[in-house]
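Scroll down for the structure; my scribbles are underneath it.
Naming: A, B, ... by sequence-line order, numbering from 1 per chain.
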There are 2 protein chains.
Amino acid sequence: MSNQTQAPGAPLRSTPPDADDEMIRSGRDASATQRALVRAARRRFATEGYRAATVRQIAADVGVNVALINRYFVSKEGLFEACMLRTSDELDTQNPTRASSLDEVIERLVAHVVNAPDGDDPLQLLLLLRSSGDENADRIRRRTLEHFTQRLAAAAGWKADDPATASILLRAQLSIATALGVVMLRTSAAVQPVASAGSDELTEPLTRVFGVLLDDGAR
Amino acid sequence: MSNQTQAPGAPLRSTPPDADDEMIRSGRDASATQRALVRAARRRFATEGYRAATVRQIAADVGVNVALINRYFVSKEGLFEACMLRTSDELDTQNPTRASSLDEVIERLVAHVVNAPDGDDPLQLLLLLRSSGDENADRIRRRTLEHFTQRLAAAAGWKADDPATASILLRAQLSIATALGVVMLRTSAAVQPVASAGSDELTEPLTRVFGVLLDDGAR
DNA sequence: TCGCTATGTAAGCAATCGCTGACTTGAAGA
DNA sequence: TCTTCAAGTCAGCGATTGCTTACATAGCGA
């Protein structure tokens, strides 16, 4: 009888363990291996949490030896930090700028939530919730969330000298919290009926919620 | 140099490690010890996650030997299951019945979110998000969330033969997801400004969000 | 073809995990 | 006072964790 009941489980989703972003990993390509490791690690961290995800499993997902993780990222925390940085970058480039209209911002936020549990977007959002316990990686995580908050607030009509700035910042962050909560219930918790709800069912109420927080809230 | 960077840390919050619900643990009281263990475990599980929380630390919080956990709860999973059951019970008895008005229900939900990070209410909500990987405990968790959803939907004007039942159920669950997301950001992630926001700042936007989801949504 | 360097592997160490069995202690009943 | 049993402790086990060291090999320039 084993004393460790949580099974590491098979590779996540349908992606073969040795597939990189574009082609089959042929080995002997350091940067491709690093990208594949970050990709696999982000899935494991986002779905299972920092502590439960093991470096051996992540390396196995990629089809590579465990020691490479320490060679390329120094430590497990270093790998988590790399995941956070990549997520931060991608969220920054993917999402609307200050020039966008509020409707487009809301539409984009809804899309992030709805496109779950497949795709990488929700996983990125989910990763923002996971704490590694490492001070450095967690500071990046916190800063990414706060930066995301400011961009959302700016897109919602934020002005630096507006006396209602604090209120708008708070409402933007409540929107993000809502998105994170829904993604969490849809992917990790797998709670019905929200886990199996389709885009047509989720879009309308989520749009209204974000509208109340970001549009009406600006007054 | 250690290879385990995550420090277990000191006992959480200001509660002395050997304090039970009412009096100082005098030992030789099995049921009191069990309650104290569940109490400490729920804090650790909710704040650090299932995997990161260790039975040794939980036992140390109570001031008791680790072996008692296995004696009373068979395994770590058994302890987690006990936490889930107690949380499920308390949520059931604490929250409004079907006879309550919608305003009261919303007010209660807002109170759950606002009273963070102190108090046990948010911790109970947070625990609902944590997966142990154990099938039994996770089934209890899922069922508790779905039961909570139905109660909230019923309080929002749910009728069994209403053609909009599915929509109301979904909106109730989105409300819960929102509450969980905000609690998560306030306690675990400690993201500003929502982490340090006061009751007066949170009550109004949250009430409006829940109102949109539960009141307007019923049509 | 030789040799050097980057890329990856194999094996194992120290620490920590959950858990177990044998032991000690306290208190109530006869 | 003596017996008895529940309540709690102690020491250590097997497994797993992150990580390190020593070694193997592919690819490229000379």
Side-chain angles (χ1 to χ4, degrees), chain A residues 1-9 17-18 20 24-37 40-41 44-45 48-83 132-134 137, chain B residues 1-9 17-18 20 24-37 40-41 44-45 48-83 132-134 137:
Chain A
M1 185 185 319
S2 77
N3 57 358
Q4 197 76 9
T5 7
Q6 182 153 11
D18 53 352
D20 193 7
I24 299 295
R25 271 188 8 94
S26 55
R28 297 280 156 185
D29 185 343
S31 66
T33 303
Q34 292 173 23
R35 270 183 286 119
L37 280 172
R44 292 287 178 183
F45 285 143
E48 306 175 9
Y50 177 79
R51 199 66 168 253
T54 71
V55 290
R56 280 182 167 85
Q57 183 65 65
I58 292 171
D61 288 345
V62 181
V64 102
N65 193 276
V66 204
L68 279 188
I69 289 183
N70 296 105
R71 174 188 286 280
Y72 290 143
F73 305 98
V74 179
S75 65
K76 185 187 183 183
E77 294 164 6
L79 178 59
F80 184 80
E81 192 174 317
C83 293
S132 70
D134 173 52
Chain B
M1 186 184 319
S2 78
N3 59 359
Q4 197 75 11
T5 8
Q6 184 154 12
D18 53 353
D20 194 7
I24 299 297
R25 269 186 12 89
S26 55
R28 297 278 156 185
D29 185 342
S31 68
T33 303
Q34 291 173 23
R35 271 183 285 119
L37 281 173
R44 291 287 177 183
F45 285 142
E48 306 176 9
Y50 177 79
R51 199 65 168 252
T54 72
V55 290
R56 280 183 166 86
Q57 183 64 66
I58 292 170
D61 288 345
V62 181
V64 102
N65 193 275
V66 203
L68 278 189
I69 289 182
N70 296 105
R71 175 189 286 279
Y72 290 144
F73 303 99
V74 180
S75 64
K76 185 187 184 182
E77 294 164 6
L79 178 59
F80 184 80
E81 193 174 316
C83 292
S132 71
D134 174 51

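Aromatic ring orientation, F80(B) versus F45(B): perpendicular (interplanar angle above 60°, classes split at 30° and 60°).
Contact between the side-chain N/O atoms of T33(A) and the OP1/OP2 oxygens of dT7(C) is not found at any separation under 4.0 Å. Not one side-chain nitrogen or oxygen of N65(A) sits closer than 4.0 Å to the OP1 or OP2 atom of dT9(C). A sub-4.0 Å separation between OP1 or OP2 of dT7(C) and a side-chain N or O of Y72(A) is absent.
We find that CG of L37(B) is positioned 10 Å from P of dT9(D), with the value rounded to whole Å. Summarising the geometry, the separation between CD on E77(A) and C1' on dC19(D) is reported as 12 Å, rounded to the nearest angstrom. For L68(A) and dA22(D), the CG to P distance is 18 Å, given to the nearest whole Å. Distance, N70(B) CG to dG8(D) C1': 13 Å, rounded to whole Å.
Among the nucleotides dT17(D), dG18(C), dT20(C), the one closest to the side chain of V55(B) is dG18(C).
The closest side-chain heavy-atom distance from Q34(A) to F73(A) is below 4.5 Å.
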Might you list the N or O atoms of the protein lying below 3.5 Å from N or O atoms in nucleotides 23-28 of chain D, with each pair's distance?
from	atom 1	to	atom 2	distance (Å)
dT25(D)	O2	R28(A)	NH2	3.0

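When heavy atoms are screened at a 4.0 angstrom cut-off, A59(B) is found touching no nucleic acid atom at all.
One finds the CD1 atom of I58(A) at 13.0 Å from the CG atom of L68(A) (value rounded to the nearest 0.5 Å). Between atom CG of residue L79(A) and atom CD of residue E77(A) there is a gap of 10.5 Å, rounded to the nearest 0.5 Å.
Judged as a side-chain contact (heavy atoms from CB on, under 4.5 Å), and not counting sequence neighbours, the contacts of E81(A) are D134(A), N136(A), A137(A), I140(A).
Residue whose closest nucleotide on DNA chain C sits further toward the 5' end, between A30(A) and R56(B): A30(A). Projected onto DNA chain D by closest heavy-atom contact, A67(A) and A67(B) fall at different nucleotides, the more 5' of which corresponds to A67(B).
Between A40(A) and V62(A), the shortest heavy-atom contact is CB-CG2, 3.7 Å.
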